[in-house]
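Notes for the one structure printed next.
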Amino acid sequence: MPKIYFEDFAPGQVRKFGPRRITREEMLAFAADFDPQPMHLDEEGGRASMLGGLAASGLFTCSIAMRMVADGILLRSSSMGANAVEEIRWLAPVRAGDALTLRLTVLDTRRSRSRPDLGFVRMLWEMFDQDGGVVMTLTAPMMFGTRSGPNS
């Protein structure tokens, strides 16, 4: 039975996850399979880019954040997925050896008008490196089932 429902979220609520240390091997494996651009595949390609060295794919960084959210909330919740990502910003390169943490802030909540058994929880995801620098932000409305269901 899920433990976290739509009603358990409130604007301003903050949850933190991590740290998660990033390895060169996992960065390279992800890039080889899903984002084979030179700056993600080797040092030379990274140095030749505006990133100034080997850097993780932004999609890899999103995947790490998603894993943190899944382990921290979603797998013990009434999550029904998300219907959008409003914005993603990659603000600084993620390098091998970085220890990433994630802070989720609930921006607002809204019960669905057409489906009273679910609600939207709009969240700001902020990914930080070990020095406190913001490397990524993401804003998305996530869907969660309600405790009370359609007859509330």
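- Grouping the Ile, Leu, Val, Met, Phe, Trp and Tyr side chains by contacts below 4.5 angstrom, directly or via other members, places F120 apart from L138.
- A salt bridge links D8 with R147; the closest basic N to acidic carboxylate O contact falls under 4.0 Å.
- In this structure, S57 and F34 have side chains that are not in contact, with every pair of non-hydrogen atoms separated by 4.5 Å or more.
- Note on V106 and W125: same hydrophobic cluster, where clusters join Ile, Leu, Val, Met, Phe, Trp and Tyr whose side-chain heavy atoms are under 4.5 Å apart, directly or indirectly.
- Summarising the local packing, CD of E44 is surrounded by 12 or fewer heavy atoms from other residues, nucleotides or ligands at distances under 6.0 Å.
- Evaluated for a side chain to side chain contact (heavy atoms under 4.5 Å, CB included) with T139, the options T105, I88, L124 yield exactly one hit, L124.
- No chain of hydrophobic side-chain contacts below 4.5 Å, direct or via other Ile, Leu, Val, Met, Phe, Trp or Tyr residues, connects M136 to F128.
- Using a 4.5 Å heavy-atom threshold, the side chains of I22 and F60 count as touching.
- Residues G81 and S79 approach most closely at N-OG, 3.2 Å, considering heavy atoms.
- In this structure, OG1 on T146 lies 8.0 Å from CZ on F6, to the nearest 0.5 angstrom.
- Rounding to the nearest 0.5 Å places OG1 of T109 at 9.5 Å from CD of E7.
- Put simply, I4 and M80 are part of two different groups of oily side chains (I, L, V, M, F, W, Y) that touch within less than 4.5 Å, one to the next.
- Atom CZ of F30 and atom OG1 of T61 lie 8.5 Å apart (nearest 0.5 Å).
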Can I get a per-line list of side-chain donor-acceptor pairs under 3.5 Å for residues 45-55, giving both atom names and the distance, sequence neighbours left out?
from	atom 1	to	atom 2	distance (Å)
S49	OG	G46	O	2.7
S49	OG	L51	N	3.0

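- Counting heavy atoms from C-beta on, the side chains of R111 and S148 come closer than 4.5 Å.
- Across all non-hydrogen atoms, the minimal contact from T101 to G18 is CG2-C, 4.1 Å.
- Panel note: side chain R20, backbone L100; no donor-acceptor pair is recorded below 3.5 Å.
- In this structure, the side chains of R15 and M123 stay at 4.5 Å or more apart for every pair of heavy atoms.
- Residue R110 qualifies as enclosed at atom CZ: its count of foreign heavy atoms under 6.0 Å is above 12.
- E86 pairs by the salt bridge (charged side-chain N to carboxylate O under 4.0 Å, His left out) definition with R122, not counting sequence neighbours.
- For the atom pair CG of L59 and NE2 of H40, the computed distance is 7.5 Å after rounding to the nearest 0.5 Å.
- Shown here for R76 and D71, the closest heavy-atom pair between the two residues is NE-O, 4.4 Å.
- For the residue pair A140 and V85, the shortest heavy atom distance occurs at CB-CA, 4.2 Å.
- No side-chain donor-acceptor contact under 3.5 Å links R67 to the backbone of S63.
- Proximity of a side-chain donor or acceptor of D131 to a complementary backbone N or O of G133 within less than 3.5 Å is not detected.
- Under the 4.5 Å side-chain criterion, counting only non-hydrogen atoms from C-beta, L74 is in contact with M66.
- Among all heavy-atom pairs drawn from S78 and Y5, the shortest one is OG-CA, 3.5 Å.
- Contact of the V94 side chain with the M127 side chain is not registered, since no non-hydrogen atoms from C-beta on lie closer than 4.5 Å.
- Criterion: ILVMFWY side-chain heavy atoms under 4.5 Å apart, direct or through other members. Under it, M39 and L28 are not part of a common hydrophobic cluster.
- At least one side-chain heavy atom of I73 sits under 4.5 Å from a side-chain heavy atom of F9.
- Counting only heavy atoms from C-beta outward, the side chains of M142 and V69 approach each other to under 4.5 Å.
- Taking all atoms of both residues into account, the shortest heavy-atom contact from T23 to E26 is N-OE2, 2.9 Å.
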